[in-house]
Structures are given as C-alpha cells and as structure tokens.
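Everything below concerns the one structure shown next.
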Amino acid sequence: MEKLKTRFAPSPTGHLHIGGARTALFNFLLARQTGGTFLVRIEDTDRARHDESAVAKIVEDLRWLGLAWDEGIEVGGPNGPYRQSERLELYESHVQRLVDEGKAYYAFETAEELAAKRALAAAEKRGFRYERPATFPSADAAARARASGRPVVVRFCAPAGDVTIHDEAFGDVTVPAGEMEDFIIRKGDGYPTFYLANVVDDAAMGVNLVCRGQEFLGQTWRQSVLRRALGLPEPKFCHLPLIMDMRGRKLSKRDGDVDVQSFRKAGYLPEALVNLIALLGWRPAGDIERMTLAEMIDSFSFDRIGKANAKFDRDKLLAFNTDAAAGADPDRLLAGFRDYLSLNDTAIPVGDDGLLRRLLEITRGFRTFADIPAKCGVLFGPDDAFDYDAKVVRKVLEKNDGAGYAVLTDLRDKLGAFDFAAGAEGIEKFLADYCQTADLGLGKVAQPLRVAVTGTAISPAIGETLAILGRDKTLARINRCLAARQAG
Ligand code: GLU
C-alpha cells in the first residue's frame, strides 16, 4: 500500500470541535495504516479570526484524544516551521512568481467600490464576478495605490475551461468555467489567503493525501488550479461527509456540546469519543462498531468512507462511554477520573487515590464521570448544607406514621455505639443483624438512612455510604434529619 503522508491543518479559532477531531482522526488512521506520516500544521494566516490561545487548546485536545503526530507543531520535523505565519516569505515568493508569469495580478479596489459593483450586479439581476482588467496593473501602480491607502491584493487568473477534481469519496467533481472567478491569493494585509498557503505547504511538506470536511470540496478547484499553475504535484483528495444532529440539522451547539474539550469536561473517556467519531462517515467492515484505536488502524479503509451525511448520535456516545468505563483498566480509569476532577469543581476531594478508586468501584456502571459527583458529592460536603427532597421524605420517612423516622431514632444510638472501623462490610452486617432483630426488610432501614444522610434516595450501597461518611458525620446528619422533622 502506498505510504500516505496526511495532515491535519486547523485554523486556530477555538477548541477542537467534533468535525475537526474527525478530520484529525481519519488522517491519523490513514497515515498509521499505511506506515506513512501524520503531520499537524497550523493555518493562521487569517489574522482577523486568529486566536493565539487556540493553538495550545488544539494541541491539548489532540493529545487527549490520543492522536499523536509524527511531524508538525511542537514535535518539529524536516519541513518546519509548521505555523503558516512563520512561512510568509515562502508564500510571497510563489505569489511573485505567479505575478511575474502573468498568471496573477494586482488589484486595489476599496471594499466600498467592490460593494457598489456587487450592488449594481444585484440590481441588474446578474451574478457578480470580478472582472479581469484588460491589462494588469504594474508593481509601481500597486505601490502607488498602497501609498494612497488602498488595499492592494493579488488575484489569480481563473482558468477559461471547466476544472475536474477526483475525490476518493465523492468521485469526479466538475466546476464549470463560468462559475470560477479570479480569486484573491494575497490579501491587503500582505498575508496569503488560505488557498495559496495551503497548496504551497502541502507540496513543500510532501503531503500526498488531503482529507478534510466536505465544506472544502466546493473550493478545491482553487487549490487545484493553483497547483497546476505553480507546477506542484496534485495530492489525492478525500472529503468527509457533513456531520448532522439526529434531526438532520447541521451539528451545532444548539443541542449540546460540540467541542472535544466539553466532552472531556463532561466526563467522557477519549476512547469512547474517538470510537464514535470514527463512525462519522466511515462504515467498518462487518458493521462492528466498538473498536479501539489499534483496531481502527487495522481495519480502516477508504472504500468504506461514504458521502451520505453522518449523524452524531449522543445516546450512542453515552452507551459507548458506559461500556468503555466498565471495561477500562482500573489505573486508566483512575487517570481519567483525576483528569475529570481537575477540570471540574466538585465536592470530591482530590489527592487521595485510594478514595478515588473506591468511588469508581462503588459507582460501577456509571455512564460518565459526572455521575460520580452527582451520586457521591453530597458525602463530601458539609452536613448541614444539602436539601432534603420533600417527595422522598414523604415516601421514605413520613409514611406509615413516620415509620422511617422511628427507624432513624432507634438506630441513632445503636450506630453511635458501633465501631465504624468495621468498614462498609461491617456496617452492612450490622444493619442486616438489626433488620433481623427488628423484623424489617433491609429497604425499610437502608432507605431512611440514605435519605437522612444524603437528602435523596440515591447513593451507593448503604454500607459504603456510611463508611465514607464515618460515624460522626452519619450521626450529625441523622440528628439534623430528625430535628428538621420536629421543626417542620
Ligand atoms: N485550515 C483549514 C481549516 O480551517 C483546513 C484546510 C485543509 O484541511 O485543507 O480547517
């Protein structure tokens, strides 16, 4: 198989979103599978949209996902620098060459003049296309225009005939001659446009596969004609289908998280997210959906990349995550949980790995790490700061003439005399003995206790819950609950 040199070339405008992560993943897989190279380059020539902090965010998100690159920002390599803002001379030399060869020309309309031309075209009900001048302005004329405050850009001469691009997923895509206009390759601020910098770098860096989102397909002709004009080799193309929500609308923040970082913060494991992202446009052979990154590298193939819109299924992600957490090695899970806690402000104390392991164990079956503080956070907060759920209090404590309260009153002294050093198991045994003596089912005892110490009917097993609290806090909470009854 041909070794592929692929690249992920994000423009730094914020955290990596699901679409970007999918592009990075597919490029990673294709490079790994063919024993090729995966490169990461920062495309930061759009200074208006540039967000410097986004570079570090993207790097962090890629690393969290486990998509290591062989060449590019931070790791270096033979074709650096890997930030386009540090390669301006290279682009400029290509722009100059095109101007010198008469394939591109200076233009210096102001934004207002261009807007007026567009408005005129609209009024005359014709599409606007920039009209190429009969003779191209000289470099001197451009310098004078610049000196007089005009924005000087360089436009590339669009080809006279149709342009066809072959795409691995979408097949042949033809753009008719009439639809192409002389587009800008160097902007008024002196920076190259994305089209130019992108093709110059792909060639300079030896990229032989361009794999990216479908939104770029419609303008790939620009890159193709630039390559031809510059005599640069044409890579293979593979555009990836659009990502939709379950209702068929373009995936957006509207219905939940779309940034990798948000999923991390919400308590997902990267392996589950990567697994789901892999299915956004790729249909694995045999329709096996659950896969590790290593399995994906083995089975990934171009011919199973579809062009139908992909659907981002949040329920499936939750199911993947539940399974990934249940199957994860304990050390791996601990690392993930610590990462989750470092990003969130929860009541759970960090730093005691023994405790964290225990919490992971007693909440087994959780869907995301966020379920753990939701279920156990109250155990670590102050004894007098949680609310009692009125509905639960009625059902568990007040019903049958306050049978639940009676159990609490009875147990308070007995628990006060019990040595909590016996641990969760010892406490369970103590409660089982109590139930037998009092002739009560365990639920009739465990539930009132649970409500008294957490305010809700949901917590880990009662022995674990009380063991984590310890005797003093257990008693303080039972007392508070009984006092609340009197006050109410
Ligand atoms: N820099 C482009 C972006 O914003 C990517 C271009 C490409 O992949 O060719 O996502």
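Just follow the structure's listing: the first ligand is 1, and inside any ligand the first atom is 1. All figures in this text were calculated on a predicted structure; none of them were measured in a lab.
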Give a table of atom pairs where an N or O of ligand 1 lies under 3.5 Å from a protein N or O.
residue, atom, partner, partner atom, Å
ligand 1, 1 (N), Ala9, O, 2.7
ligand 1, 1 (N), Ser11, OG, 3.0
ligand 1, 1 (N), Glu43, OE1, 2.7
ligand 1, 4 (O), Ser11, OG, 2.9
ligand 1, 8 (O), Arg7, NH1, 2.8
ligand 1, 9 (O), Arg7, NH1, 3.2
ligand 1, 9 (O), Arg7, NH2, 2.8
ligand 1, 9 (O), Asn198, ND2, 3.1
ligand 1, 9 (O), Arg212, NH1, 2.7

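Within 6.0 Å of NZ on Lys265 lie no more than 12 heavy atoms contributed by other residues, nucleotides or ligands.
Side chains of Thr454 and Thr456: a donor on one and an acceptor on the other come within 3.5 Å.
Residues Trp221 and Phe183 bring their aromatic ring centres within 6.0 Å. The aromatic ring centroids of Phe216 and Phe194 lie less than 6.0 Å from each other.
Checking side-chain atoms of Ser262 against main-chain N and O of Val258 turns up no donor-acceptor pair under 3.5 Å.
Legend: residues meeting side-chain hydrogen bond (donor to acceptor under 3.5 Å, both in side chains) with Lys375, ordered by chain and number and at least two apart, are absent.
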